[in-house]
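Notes follow once the structure below has been shown.
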Amino acid sequence: MEYRFNEIEKKWQDQWKADKVYQVSNESAKPKYYVLDMFPYPSGAGLHVGHPLGYIASDIYSRYKRLKGFNVLHPMGFDSFGLPAEQYALETGQHPAETTKKNIATFKSQLDKIGFCYDWEREVQTSDPNYYQWTQWIFLQLFNSYFCNTEKKALPISQLIKKYETKGALPKTGEPIPGKHFTAEEWKAYSKQQQEEILMNRRLAFSKYGEVNWCEALGTVLANDEVVNGVSERGGHPVEKKKMRQWYLRITAYADRLLEGLETVEFSESMKEMQRNWIGKSQGAEMDFVIKGNDKKLRVYTTRPDTIFGVDFMVVAPEHELVAAITSAEQKEDIDKYLQYVKSRSERERLAEAKTITGCFTGAYAINPFDGKEIPIWISEYVLAGYGTGAIMAVPCGDQRDFAFAKHFNIPITNIIGDHYTGEEANATKEAILQNSGFLNGLLMKDAIGIAVDKIEELGIGTRKVNYRMRDAGFSRQRYWGEPFPIIWRDGIAIPLGAEELPLELPHVDKYGPGPEGEGPLANITEWVNTPAGRRETSTMPGYAGSSWYFLRYMDPHNGSTFCDRKASDYWNQVDLYIGGTEHAVGHLLYSRMWTKVLFDLGLIGFDEPFRKLVNQGMITGKSYFFNVVVTDDLADRKGGANKLGSFVKDSPSNVLRRFRFGHQYVDATGKLTENNLRKYNSEHPNDQVTDDIDWLNNGEENYIILKEESEKMSKTKFNVDNPDDLCEKYGADTFRMYEMFLGPVEASKPWDTKGIEGVHRFLRKLWRLFNDDLKGRVWTDEKPTDAELKILHRTIKKIEEDTEKFSFNTAVSAFMICINDLFDVKCHKKEVLEKILILMVPYAPHIAEELWHQLGNEGSILDATYPTFNPALLVESTKEYPISINGKVRANLSLALDLDQKQVEEIVLQHEVVQKWLEGKDPKKIIYVKNKMINVVV
RNA sequence: GCCCAUGUGGCGGAAUUGGUAGACGCAGCAGACUCAAAAUCUGCCAUUCGCAAGGGUGUGAAGGUUCGAUUCCUUUCGUGGGCACCA
């Protein structure tokens with residue numbers, strides 16, 4: 001009987017489905033374990049071999065935990081709202097709901113072929129009204145909450161209103177500032193609009209006019225992390241700033257808790273570092289400078305108050321509110337000209353020409369409060385309006401940007417760090433002893449920081465201040481295919497829908513193009529937009545809305561009365577293991593952490609970090625073949641216009657290249673592309689004509705060029721994709737699963753190589769032959785295993801268990817191979833050994849394990865078998881084959897009993913002929929004997 | 001520029017409280033079985049000197065600590081990823 005994997009896999013997949021073996025209950029006496037994959041966006045391209053890497057890893061771990069006696073939740077679903085489906089709709093007129101449905105069906109059938117143990121009854125789709133009803137509901141919770149700075153947590157906005165009504169909002173110390181502070185009486189006297197405006201400034205989901213990243217080509221607003229180097233991540237279109245009313249999440253309120261929470265979770269160091277970077281906490285001080293001849297004060301933010309005596313000029317952002325007020329009459333013309341120039345520059349130009357130094361003197365001077373020095377105030381675009389106070393004190397001897405600015409405009413530089421400053425460049429050290437620094441003279445800079453702040457606070461001219469680089473997250477998109485906001489606008493007031501009005505379903509539209517004045521497509525449906533209660537919000541939520549809480553819905557997916565029953569979330573609690581790519585380091589992972597914290601604060605769930613442990617799978621790269629042609633066009637202008645085949649890349653600061661890629665069917669193993677194959681390509685792809693203006697080589701028979709090779713992320717446009725379906729068809733799902741694991745560590749990126757899969761397939765066939773002979777049929781027996789055979793078994797149990805626990809699946813696969821090779825060598829076909837090995841294999845190759853399990857005469861599914869226990873007694877050895885080194889180099893081997901002491905070992909070793917030869921009659925200096933490891937003779 | 005990873009045969013990779021470098025697999029070479037093929041099996045496979053026995057070199061590079069270093073320390077180079085006027 002031969003190994004007919006296609007039949008076997010089909011048979012058991014059907015059987016498992018019929019028996020609902022993967023159905024998970026929320027009621028169980030077993031301990032729980034929650035394994036989660038980052039759910040996919042169901043793109044039209046389907047799965048390629050890179051996708052399942054993480055899914056296979058999580059599947060192995062889930063099945064392992066199940067065998068170990070856990071009640072394992074291992075669900076799957078689809079992040080089915082998003083731009084690509086809408087882009088596709090724009091191009092083809094197909095409704096996103098239809099394409100999404102089709103794509104999900106493809107994904108599911110592909111996933112099922114690989115044999116994953118998902119409980120599909122718990123599937124979630126973010127674009128399903130039964131799901132997004134609760135996304136909208138959670139949005140309302142965010143809208144109806146504020147962040148209490150005293151308790152450091154979210155509280156219902158009703159509590160804030162009560163506080164305003166009874167106590168107002170008054171400062172703890174000092175005079176109330178009009179517009180910011182008010183008494184209870186004043187509050188009551190405010191109009192509804194005024195009250196709502198004040199409340200809006202505290203809500204966790206709030207709306208305001210803000211500068212947003214507006215992308216003309218996509219007709220929408222993009223989040224900061226969707227903008228890369230001033231162009232959109234998708235499509236590379238230019239992005240500019242535009243003022244629009246937008247929704248935001250007040251994630252900045254949670255900056256500190258997001259930072260602290262990182263200490264309690266198992267994420268990789270680099271992942272934590274990325275998040276810390278993104279949050280960008282910095283400690284410093286804000287201080288006010290008196291402006292000469294003006295009653296206004298200039299407030300700056302600095303992390304280095306110790307350098308206060310090195311301030312040679314001030315720089316404020318061009319957008320700063322004081323600019324007009326402080327500009328002198330003589331400088332007004334220059335300043336206006338500069339402001340005009342700044343306004344004319346797009347975000348992209350500013351970023352691209354970051355090194356160009358520009359600026360303009362305002363004619364005003366600030367006064368250094370400590371030595372009375374007059375400090376000129378400049379404006380420059382290198383100071384950002386959105387960070388700190390939008391103004392800095394420039395210390396050219398300590399900051400390279402300030403230094404460059406001073407040199408460019410010939411501003412004299414004060415040196416406060418002695419020899420540490422060379423005059424050639426700035427030195428940002430904190431280790432120097434301060435000079436020319438008044439009361440700070442003689443202090444080490446890092447000690448002076450605290451002393452300077454104390455002094456500033458004492459004089460009442462400033463305070464300690466923490467700043468964050470992170471901004472509040474933009475939460476609206478001028479798009480169709482997303483969750484509609486449960487908000488109605490009336491008289492400038494945002495009125496939330498009641499929970500009973502949810503879901504607010506996405507209405508059908510005929511056209512997917514943008515609405516008027518930058519609004520989304522929904523604005524075109526007047527009968528939907530205009531309601532008796534007011535006008536509906538026409539933007540939709542961003543892609544990350546649905547994915548910020550999906551892990552909770554899996555726990556209680558069919559609940560019609562709440563997003564997730566508290567009993568269910570208390571039972572399943574945190575995700576124990578989360579597997580996914582690093583690309584979500586600062587997007588999805590931060591947002592879902594924030595949502596979890598809000599839900600926790602509001603008492604809706606019992607934990608405030610969603611993911612206890614995160615494992616990042618690496619990328620499987622495919623090999624691309626390409627050649628480059630230098631083009632003269634400006635990269636930026638052509639980037640968006642590249643056709644499907646040729647893409648533009650920059651291989652040096654000056655060279656813009658057009659890269660032509662080819663699938664491997666046109667290229668031989670050495671990377672050779674012949675002129676004939678190029679012609680063939682061009683005739684098969686009439687829309688993607690490749691230039692034939694090439695310097696051909698000739699080998700006497702035909703023209704050819706050698707293409708460059710590169711391992712790149714798999715993508716249809718790069719012609720380097722392999723499809724898991726084909727491989728499952730050809731080798732079986734078990735082989736495919738084990739091979740993906742065998743490629744290397746889960747976390748590592750590695751190139752895909754289809755050839756290697758043969759080896760894993762051979763191994764499974766060899767396993768099969770331990771049970772069945774192609775000609776003779778059954779060969780397994782009921783005989784008692786020998787000690788040697790048990791040793792092989794228990795060594796394997798130990799190794800597989802250890803490796804699986806630490807996610808070292810590649811070495812586990814190799815341990816299986818070693819085990820089967822060893823059993824073959826000793827011709828072991830004994831049921832007692834073989835069936836234990838089958839159980840070990842269930843997580844890795846469930847189909848073949850189940851089939852052989854039944855061939856051995858077992859009843860019931862192997863999926864619920866008991867994991868074998870390792871018996872250390874079987875592995876105890878009485879002797880050890882020691883390597884004997886002379887001066888650290890191994891020269892011989894010697895088998896010795898383990899219970900010998902140092903003295904006995906020395907005697908035996910010195911008798912050894914190889915040792916004698918190396919000693920050349922002399923006495924050894926020293927003999928090092930490490931029990932059960934090695935022996936080293938020092939000559 | 002800053003931060004975080006990472007560097008081992010032709011290839012993917014193994015080896016951790018410092019103790020036999022190259023497990024396992026791919027590719028390659030030689031052979032067995034076969035009319036033949038597939039499948040399977042056996043042997044070789046870092047490099048260099050040598051018929052062999054045996055020796056030299058070798059984990060990006062250079063130093064250091066140690067009886068002993070892929071592993072620890074210092075310097076340096078390459079690759080990948082992240083951040084980047086954040087004061």
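In the text below, chain A, chain B and the rest are named by the order of the sequence lines, each starting its count at 1. Source: prediction; values computed, not measured.
With sequence neighbours excluded, the residues that form a ring-ring contact (aromatic ring centres under 6.0 Å, His included) with Y882(A) are Y929(A). By the side chain to side chain contact (heavy atoms under 4.5 Å, CB included) test, A473(A) is found to be paired with L249(A), I251(A), Y544(A), Y591(A), residues two or more places apart in sequence or in another chain being considered. Judged as a side chain to side chain contact (heavy atoms under 4.5 Å, CB included), and not counting sequence neighbours, the contacts of E801(A) are Y64(A), K68(A), I797(A), Y867(A). For N810(A), there are no side chain to side chain donor-acceptor pair (under 3.5 Å) partners, not counting sequence neighbours.
Along RNA chain B, the nucleotide closest to D402(A) and the one closest to G888(A) are compared, and the more 5′ of them pairs with G888(A). Each of D399(A) and R769(A) was assigned the nucleotide of RNA chain B with the nearest heavy atom; the assignment lying further toward the 5' end belongs to R769(A).
Not one N or O on the side chain of E381(A) forms a donor-acceptor pair closer than 3.5 Å with the backbone of G359(A).
The six-membered or imidazole ring of F313(A) lies away from that of F409(A), with a centre-to-centre distance of 6.0 Å or more.
Shown here, rC2(B) forms a base pair with rG82(B); the pair counts as Watson-Crick or G-U wobble because both key distances fall under 3.5 Å.
Residue I308(A) holds its CD1 atom at 4.0 Å from CE of M287(A), rounded to the nearest 0.5 Å.
An OP1 or OP2 oxygen of rG25(B) is reached within less than 4.0 angstrom by no side-chain nitrogen or oxygen of R762(A).
Nearest to the side chain of V890(A), among rA23(B), rA21(B), rC41(B), sits rA21(B). Looking at the side chain of I392(A), the nearest of the listed nucleotides rC24(B), rA87(B), rU20(B) is rA87(B). Comparing rC4(B), rA87(B), rG19(B) by their closest approach to the side chain of Y301(A) singles out rA87(B).
Listed by residue number, I818(A), N821(A) are the residues of residues 818-828 of chain A with a heavy-atom contact under 4.0 Å to RNA chain B.
Because its glycosidic torsion is more than 90° from 0, rG60(B) is reported here as anti.
Within the 4.0 angstrom heavy-atom criterion, only backbone atoms of the sugar-phosphate kind lie near K766(A); the bases stay farther away. In this structure, S814(A) reaches the bases: a heavy-atom distance under 4.0 Å links it to at least one base atom across the strands shown.
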Going 5' to 3' along nucleotides 11-18 of chain B, which nucleotides have protein heavy atoms under 4.0 Å from the base (write B), which only from the sugar-phosphate (write S), and which from neither (write -)? -BSS----

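In the interface, the side chain of N936(A) is paired with the base of rC67(B) through a donor and an acceptor atom under 3.5 Å apart.
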